[in-house]
Amino acid sequence: MNLEPIIKENVAAAIKSLYDQAVEPSQVQVQLTRSEFTGDHTVMVFPFLKMSKKSPEVTGGEIGEYLIANMKVISSYNVVKGFLNLVIDNGYWIDRLNEAIPNEQYGFVAPTDQSELVMIEYSSPNTNKPLHLGHIRNNLLGFSLAEVMKANGYKVVKTNIVNDRGVHICKSMVAWQRFGNGETPETNGKKGDHLVGEYYVKFDQQYKSEIAELLEKGRSEEQAKEEAPSIVATREMLLKWEANDPEVRNLWKMMNSWVYAGFDETYKTLGVDFDKIYYESDTYTIGRDEVLRGVKEGIFQQESDSSVWANLEKEGLDKKILLRSDGTSVYITQDIGTAQLRYRDYPIDHMIYVVGNEQIYHFQVLSLLLDKLGYKWGKDLYHFSYGMVELPNGRMKSREGTVVDADDLVAGMVDVAKAVSMELGKLDGYSEAEKENIYHIVALGALKYFILKVDPKKTMTFNPEESIDFNGNTGPFIQYTYARIRSILRKADETGVSVPQFAQVGTLNEKERSLLKIISLFPDVVKEAGTAHSPAVVANYVYDLVKEFNSFYHDHSILNEPDNAIRDFRLVVAQTVAKIIKNGFSLLGIRVPERM
RNA sequence: GGCCCGGUAGCUCAAUGGAUAGAGCAACAGCCUUCUAAGCUGUAGGUUCUUGGUUCGAUCCCAAGCCGGGUCACCA
């Protein structure tokens, strides 16, 4: 489909024929012509000046003549400085459009039996507090990445590793036992994850006041932190948990079940899901066994206090602890166990971890450790790291209460969507259920697009005061364009005009040409998003397409076009633009409304 | 301090080593009797952090520096 390789070959042949010099086609630089110049593809002639020993203009002209003579799809050329602009025949773009028309999955590659399996881990929450803005970026990126990989023909398994054990959850449990009075999500109607989060906060407050008390009694800060009754109780509880104490285990199960119910609700609202969920309480012992095997095989070292270490100094890193002196697991040990279990469960070809960039070092270490333990996939694990979401005055800090809660944020967005819709009177005449559905689609479209259009690796800023805009380069703007096109198609249908199967038109005006060019790019964009691992590629492309369409829509009528052939052609183009918006947004996990 | 990542318009963000660095928001000026104004068309806004280097050509690659962030736990 893509003309670039063919152009490159022909340019190489032209150089051979004209100047008797061998040039690899891959050395020829071709790009899309910038919109302010005439043409579709542009060949850089600068690199060939040494061979032609002629001016850029003359060289470009000679190559242009050769291409015209040898490539039917090129209808004309022009040379500006050292840029050889090639004009591709209208028929070529019409052909591309006709390929797109019948294919509902335009731009997507279907998986085959030979397709590789990629497992994507994302979300990975702790069970002691609700999800916040940072998790939202993680969840949206993870889900979108999975969709992009699917669209590139991979088999994808979405997985979530729940950090359900350890000190943090014991803290919530201790506080609930002490202050809870048997309160549950059922008795007070609170969302389970929020309820547990409240006790985590209560623990921290209590712990701090105990420390302050002990400091007044003359203890050192270190002593106070060790001796505070709350932390002592927490440690005891963790030991009991490890020892399978029935009472502690039941409390743990009960409180975790509240949290999971809450998370499920948030996941559902965000529209993300998982094929397989792992729990660290199931995997951490496997990690411990693996580490002990490593000790036996001389890969890791056990110290006299029986703690186990990996020496990664040869690899340019530090020594890393794998098991504490009391034999318990640390974070990375659990990841080793989880990895082991996953590869036992699935024939994984590629493993992607969607985890914040503050853990880059962690995954470097994990990769080396898995490699040392003899897993061939250790070296190849891919850490899809993304930047933090910051507030205008810096990081979110739970201590300062500046954490933006995921549920609150979404609810706020829905309220804004509702208010804006009502003000504009867009949905008058529709049922309440329909309206609510659209508010939800628009609100999440705004939020998701806002986050996904930014290069994942960059730290991004979110201003809760200003909320998220619905105008300009936003999800709702793109959704709006989709809704408008759907409206046109409905009206065409009502007046008895059916959208034709195939596009035919005599000539193309400038805007039509531009649109067709952008339409034909979509499959390449999906591919690029897959290799660059960036949903932002898709988001920015869809925005460009919509801008171009709106500009066209402003200049040219569709339904009121007197010439039926032109009207039909434009209907087909509009329909195809709508399809790409829909397909592109589905890669971002964003829904599109039929009307808004 | 070692390692990693950023720095582009007042703000939020784009820009496979190419042509005059682009959008949106905010500001200003226009466009609703027409297929949806959540829109469209203009104006204004830039030493792409700095200095060197490579190149026909650098926001992009290399080196050094400046600023900001992350990370180097018997935390997760």
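Separation of the C1' atoms belonging to rC49(B) and rC32(B) is 46 Å when rounded to the nearest angstrom. Taking atom C1' in both rC66(B) and rG24(B), the straight-line distance is 31 Å, to the nearest Å. Between the P atoms of rG65(B) and rU41(B), the separation comes to 47 Å (whole Å). Going from the P atom of rC72(B) to that of rC13(B) covers 25 Å, rounded to whole Å. When the C1' atom is used for both rG39(B) and rC35(B), the distance is 13 Å, rounded to whole Å. Across rU48(B) and rA14(B), the matching C1' atoms stand 13 Å from one another, rounded to whole Å. Distance check on atom C1': rC40(B) versus rG46(B) gives 26 Å, rounded to whole Å. Nucleotides rG10(B) and rG70(B), compared at atom P, are 26 Å apart to the nearest Å.
Spacing between atom CG of L545(A) and atom C1' of rA14(B) amounts to 16 Å, rounded to whole angstrom units. Atom CG in L424(A) sits roughly 11 Å away from atom P in rA37(B) (whole-Å rounding). Atoms CG (L323(A)) and P (rC75(B)) sit 12 Å apart, rounded to a whole Å. Rounded to whole Å, atom C1' of rA73(B) lies 13 Å from atom NZ of K225(A). Taking atom CD1 on I332(A) and atom P on rC72(B), their separation rounds to 11 Å, with Å as the unit.
Each of I468(A), L131(A), I136(A) was checked for a side chain to side chain contact (heavy atoms under 4.5 Å, CB included) with L409(A), and the lone residue meeting it is I136(A).
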Which parts of nucleotides 21-33 of chain B does protein reach within less than 4.0 Å, heavy atoms only, written one letter per nucleotide 5' to 3' as B for base, S for sugar-phosphate only and - for none? -SSSS--------
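Looking only at side-chain heavy atoms (C-beta outward), L444(A) and I590(A) stay at 4.5 Å or farther from each other. Side-chain contact between S514(A) and F552(A): absent, with no pair of heavy atoms (C-beta onward) separated by less than 4.5 Å. Between N138(A) and Y386(A) there is a side-chain heavy-atom pair separated by less than 4.5 Å.
In this structure, rC61(B) and rG53(B) make a Watson-Crick or G-U wobble pair, each of the two defining distances being under 3.5 angstrom. Across all strands shown, rG1(B) forms a Watson-Crick or G-U wobble pair, both distances under 3.5 Å, with rC72(B). Across every strand in view, rU36(B) sits unpaired, with no contact that passes the Watson-Crick or G-U test at under 3.5 angstrom. The partner of rA27(B), taking Watson-Crick or G-U wobble pairs whose two distances both stay under 3.5 Å, is rU43(B). The partner of rU16(B), taking Watson-Crick or G-U wobble pairs whose two distances both stay under 3.5 Å, does not exist in any strand shown.
The pair E494(A)-R490(A) fails the salt-bridge criterion, with no side-chain N (NZ, NE, NH1 or NH2) lying under 4.0 Å from an Asp/Glu carboxylate O. Under 4.0 Å is where a charged nitrogen must lie from a carboxylate oxygen, and between K8(A) and E24(A) no such pair does.
For K50(A), a side-chain nitrogen or oxygen approaches OP1 or OP2 of rC56(B) to under 4.0 Å. The shortest distance between the side-chain N/O atoms of S551(A) and the OP1/OP2 oxygens of rU41(B) is below 4.0 Å. Between N550(A) and rC40(B) there is a side-chain N or O to OP1 or OP2 distance below 4.0 Å. At least one side-chain nitrogen or oxygen of K458(A) sits closer than 4.0 Å to the OP1 or OP2 atom of rG7(B). Between Q31(A) and rG18(B) there is a side-chain N or O to OP1 or OP2 distance below 4.0 Å. Regarding contacts with the backbone of rU20(B), a side-chain N or O of K81(A) is found under 4.0 angstrom from either OP1 or OP2.
Counting non-hydrogen atoms under 4.0 angstrom, V420(A) reaches a base of the nucleic acid. Residue contacts shown for V30(A) include a base, since a base heavy atom lies under 4.0 Å away. Residue A483(A) is classed as a base contact, given a heavy-atom separation below 4.0 Å to a base. Within the 4.0 angstrom heavy-atom criterion, only backbone atoms of the sugar-phosphate kind lie near I360(A); the bases stay farther away. Q364(A) comes within 4.0 angstrom of nothing in the nucleic acid, heavy atoms only. N128(A) comes within 4.0 angstrom of no nucleic acid atom, judged by non-hydrogen atoms across all strands. M460(A) comes within 4.0 angstrom of the backbone, heavy atoms only, and of no base. Contact annotation for R595(A): base contact, defined as any heavy-atom pair under 4.0 Å involving a base atom. Backbone-only contact: D455(A) has heavy atoms under 4.0 Å from sugar-phosphate atoms and none from a base. Within the 4.0 angstrom heavy-atom criterion, no nucleotide atom of any strand lies near T328(A). Within 4.0 Å of H383(A), counting heavy atoms only, lies no atom of the nucleic acid at all. Within the 4.0 angstrom heavy-atom criterion, base atoms lie near Y331(A).
In the region residues 487-500 of chain A, proximity to RNA chain B at under 4.0 angstrom, judged on heavy atoms, holds for S487(A), I488(A), K491(A).
With sequence neighbours excluded, no residue forms a side chain to side chain donor-acceptor pair (under 3.5 Å) with W252(A). Remark: R137(A) pairs with no residue by the salt bridge (Lys or Arg N to Asp or Glu O under 4.0 Å) rule, at least two apart or across chains. With sequence neighbours left out, the salt bridge (Lys or Arg N to Asp or Glu O under 4.0 Å) criterion links R235(A) to E226(A).
Side-chain N/O atoms of S557(A) and base N/O atoms of rC35(B) include no donor-acceptor pair closer than 3.5 Å.
Residues N85(A) and G39(A) come closest through the heavy atom pair CB-CA, 4.5 Å.
Screening residues 523-549 of chain A for salt bridge (Lys or Arg N to Asp or Glu O under 4.0 Å), with sequence neighbours left out, gives no hits.
Comparing rU12(B), rG18(B), rC74(B) by their closest approach to the side chain of F450(A) singles out rU12(B). Considering only the side chain of Q359(A), rA76(B) comes nearest among rA76(B), rC74(B), rU12(B). Listed candidates were rA76(B), rC40(B), rC74(B). Nearest to the side chain of H554(A) is rC40(B).
Judged by closest nucleotide on RNA chain B, F83(A) is the one of F83(A) and M388(A) placed further toward the 5' end.
Summarising the local packing, CD of E221(A) is surrounded by 12 or fewer heavy atoms from other residues, nucleotides or ligands at distances under 6.0 Å.
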Before giving the answer on ring-ring contact (aromatic ring centres under 6.0 Å, His included), spell out for F83(A) and F46(A) the whole-Å C-alpha distance, their side-chain angles and the decisive distance to 0.1 Å. CA-CA 8 Å; F83(A) 301 92; F46(A) 296 107; 5.5 Å; yes
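The cationic atom of R484(A) (NZ for Lys, CZ for Arg) lies less than 6.0 Å from the six-membered ring centre of Y553(A) and within 45° of the ring axis.
Ring-to-base geometry places F37(A) in a stacked arrangement with rA19(B) (centre distance under 5.5 Å, plane angle under 30°).
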